[in-house]
Structures are given as structure tokens and as C-alpha cells.
Number of protein chains: 2
Amino acid sequence: MVVAGAAKAVSRAFDDALVAAGGSRPMWLILVALQMRQPRSQVDLAAEVGVRDATLTHHLNAMESRGLVTRERDPANRRTHQVQLTDAGRAMFFQLVTAAQAHDRRLRAGFGDVELAALREALGRLQANVGG
Amino acid sequence: MVVAGAAKAVSRAFDDALVAAGGSRPMWLILVALQMRQPRSQVDLAAEVGVRDATLTHHLNAMESRGLVTRERDPANRRTHQVQLTDAGRAMFFQLVTAAQAHDRRLRAGFGDVELAALREALGRLQANVGG
DNA sequence: TATTGTTATACTCTATAACTATA
DNA sequence: TATAGTTATAGAGTATAACAATA
């Protein structure tokens with residue numbers, strides 16, 4: 001119960017940091033996924049981000065209208081869309097990385113390296129315990 | 001960044017557990033606040049729960065229509081509503097406590113007492129670092 | 001005027017179901 | 001029929017702004 005409260009506060013602070021930097025958590029996850037590997041299909045992206053197809057469509061619509069990504073039909077399988085980052089998308093990625101790193105520094109203030117490693121390991125186990 | 005992902009997963013798992021038990025996180029926070037002290041004004045409750053007055057009104061409307069709380073004007077200051085738990089509200093509180101405890105057991109599987117105390121302490125510091 | 005609470009409205013994130021188009 | 005994606009709709013949670021009632 002105490003853990004859940006802290007988890008919510010920490011999670012929300014990260015969301016707020018991304019919004020303050022002109023993005024959002026879903027946008028961040030999509031940008032990270034594309035930065036790792038692209039082009040990707042929407043089914044693939046949705047699975048990586050952890051949302052439904054229709055939810056991803058919603059976010060991609062917003063990102064496409066902001067010029068952050070492009071969607072092109074795959075000539076080999078015209079059902080699928082190949083999603084790719086634009087230059088503006090890469091710029092937004094670096095903008096959000098910067099914000100996330102600044103947030104991370106603030107978050108781990110007062111933590112030593114060893115302690116931080118232990119914390120990360122423990123959080124990973126908590127996440128596994130809830131099926132994440 | 002890893003921490004934020006784990007925090008979100010842990011936070012959401014708690015929300016899901018409360019929903020599965022017939023409640024929600026805001027309902028839980030309101031019930032806990034009233035169980036600690038009642039009657040309380042809505043300004044007071046909203047501050048404790050961490051939402052705006054209008055947001056609290058929204059949740060109290062739902063809880064009142066489910067018979068979990070009552071709102072009565074304070075005769076001494078007719079602007080304020082005194083919010084109180086009904087028998088059904090207390091029953092819902094215990095129902096959600098039970099669910100939260102079950103969830104907590106699952107969450108901390110594999111953690112020893114000492115390790116758990118260290119984790120709680122560390123999470124408290126993280127929360128403080130983000131201004132929670 | 002200041003405070004308490006409600007109403008109206010809107011926004012974000014998410015989901016399900018029905019649909020289109022391709023295979 | 002099965003798959004990829006879109007559209008329509010909805011619901012939860014939150015917020016701001018305008019308002020009414022009371023002090």
C-alpha cells in the first residue's frame with residue numbers, strides 16, 4: 001500500500017517531465033522503439049509499447065500530424081504500414097531523452113551507485129511479481 | 001527510465017487489484033481518509049486524496065449513488081458538507097483492504113523483512129525527490 | 001469579498017467492437 | 001478466413017472555469 005503510493009508518485013513525475021518537455025509517455029515509448037529499430041509495423045510497435053492497435057493508431061495520428069513519424073504501405077504486404085521517424089521525430093526523441101535524463105538525475109539524488117543498483121534490481125523483481 | 005517503467009507497472013497493478021475488487025484507487029483513498037477520521041469536509045478530503053475539489057465531487061457523486069457515503073450540510077457552516085461512511089462504505093473499505101493485502105503479499109513475494117524495509121525507505125526517498 | 005461545493009466542459013489514455021483493405 | 005489497421009464509441013480519471021450558496 002505504501003509502495004503503491006510511491007510507485008504512482010514516481011510514475012506520474014516521469015509523465016509530467018515528458019509533458020513539460022513537449023511529449024508524453026506513449027510518445028516517448030514509441031520514439032524509443034523506433035530509435036531502436038525501424039521501420040516497424042504497427043502491430044509490432046503496439047506490442048512493444050504495451051497498448052492495443054487502436055490505441056497506437058490514436059497516438060500515431062497525433063505524431064504524424066506533428067510531423068514526427070511517417071506511415072508508408074509496405075509494398076510486399078500492403079496491409080502493413082511501415083512506421084519511420086522523420087528528422088523532427090529524431091529531434092523530439094533527443095529532446096525527450098534530455099528531459100528524461102534530467103528527471104533521472106533529480107530522481108536519484110542522494111543515492112549511491114551500489115544502492116541504486118540494488119533499487120533497480122528490487123524494482124525489477126516487484127515488476128515481475130505483478131506480471132510486468 | 002527503467003525506474004519509471006517499473007513504477008508504472010507496480011502502480012497500475014495496484015489499480016487493477018482494486019478495480020477487480022469492485023473499487024478504484026480514488027475510492028480507496030477516500031475510504032481510507034474517512035476511516036481515519038470522519039466526518040470531513042470536501043476541501044479536507046480533496047487535499048488528503050490529492051485531487052481538485054471538482055474531481056472529488058465527481059468521485060463522491062459515484063460513491064453516494066452506490067450508498068457508500070453520505071453528504072450532510074454542516075449546521076455550523078452551511079457551505080461545508082460533512083462526508084461520512086455508511087455501513088456499506090465501511091464494508092467496501094474492508095473489501096478493498098482485503099484485496100490490497102492480498103495484492104501486497106503477491107507483490108512482496110521473495111522479499112525478506114530487512115530487504116523490504118530498505119525498499120520502502122528507498123521508495124520514500126524517490127518520492128521525496130520528485131516532490132511527492 | 002472569500003470560501004465551499006457543483007456544473008459544464010474538455011483533455012489524455014485506454015479499451016472494445018465494427019469496419020475496410022488486403023492476403 | 002485471417003491479418004493489419006482505422007473509425008466510432010465509451011469510460012475512467014483528471015483539470016479549469018463559471019457559477020450558486022453561504023459566510
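The analysis underlying the following values was restricted to heavy atoms, covering all of them including side chains, and did not include hydrogens, waters or symmetry mates. For clarity, every value in this text was computed on a predicted model and none was experimentally measured.
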#### Entry: Distance in angstrom units between B:D44 CG and C:dT4 C1', rounded
13 Å

### Task
When you get a sec, tell me which of C:dT7, C:dA15, D:dT14 is the closest nucleotide to the side chain of B:V51?
D:dT14

#### Entry: Comparing B:G50 and A:T57 on DNA chain D - which has the more 5′ nearest nucleotide
A:T57

### Message
Can you measure A:E72 atom CD to D:dA4 atom P for me and round it to whole angstrom units?
### Response
19 Å

### Task
Rounded off to whole Å, could you give me the NE2-to-P distance for the B:H58 and D:dA12 pair?
8 Å

### Query
Hey, does the side chain of A:S24 come within less than 4.0 Å of C:dC13's phosphate (OP1/OP2), counting only N and O?
yes

### Query
Under 4.0 Å between a side-chain N or O of B:T80 and OP1 or OP2 of C:dT4?
no

### Task
Please state how far atom CG in B:L29 lies from atom C1' in D:dT14, giving the value in whole angstrom units.
14 Å

### Message
Could you check whether the side chain of B:R79 and the base of C:dT3 have a donor-acceptor pair of N or O atoms closer than 3.5 Å, going by distance alone?
### Response
yes

### Message
Can you tell me if B:E72 has over 12 outside heavy atoms packed within less than 6.0 Å of its CD?
### Response
no

### Short side-chain donor-acceptor distance under 3.5 Å, B:R66 and B:N61
no

### Task
Tell me which of A:D53 and A:V19 sits closer to the 5' end of DNA chain C, going by the nucleotide each one is nearest to.
A:V19

## Note on the structure
Per nearest nucleotide of DNA chain C, the residue lying toward the 5' end, A:G23 or A:P75, is A:G23

### Query
Reckon A:T55 has a side-chain N or O less than 4.0 Å from the OP1 or OP2 of C:dC13?
no

### Query
Counting just side-chain N and O atoms, does B:R73 come under 4.0 Å of either OP1 or OP2 of D:dA21?
no

### Query
So, is the end of the A:R25 side chain (NZ or CZ) under 6.0 Å from the ring centre of A:F14 and within 45° of the ring's axis?
no

### Summary
Which of C:dT14, D:dG13, C:dG5 is nearest the side chain of B:H81? It is C:dG5

### B:R73 (side chain) donor-acceptor with B:R78 (main chain) under 3.5 angstrom
yes

### Task
Calculate the interatomic distance between A:D15 atom CG and C:dC13 atom P; express it in whole Å.
8 Å

### Task
Tell me whether the OP1 or OP2 atom of D:dG13 has a side-chain N or O from A:K8 closer than 4.0 Å.
no

### Message
Under a plain distance cut-off of 3.5 Å, with no hydrogens placed, do A:T57 and A:R52 share a side-chain donor-acceptor pair?
### Response
no

### Task
Just say parallel, tilted or perpendicular for the rings of A:F93 and A:W28, cut-offs at 30° and 60°.
parallel

### Task
Taking only the side-chain nitrogens and oxygens of B:H59, find out if one of them lies under 4.0 Å from OP1 or OP2 of D:dA12.
no

### Message
Using whole Å, what does the distance between atom P of nucleotide D:dG5 and atom CG of A:L56 come to?
### Response
9 Å

### Query
Counting side-chain heavy atoms from CB outward, which of D:dT14, C:dT6, D:dT22 is closest to A:R12?
D:dT14

### Message
What is the distance, to the nearest angstrom, from the CG atom on A:L60 to the C1' atom on C:dT14?
### Response
15 Å

### Summary
With the side chain defined as heavy atoms from C-beta on, A:A54 is closest, among C:dA23, D:dT7, C:dC13, to D:dT7

### Query
Can you check whether A:R52 has a side-chain N or O nearer than 4.0 Å to OP1 or OP2 of C:dT16?
yes

### Message
Does C:dT3 have OP1 or OP2 under 4.0 Å away from a side-chain N or O of B:Q42?
### Response
no

### Message
In whole Å, I'd like the distance from the CE atom of A:M63 to the P atom of C:dT12.
### Response
15 Å

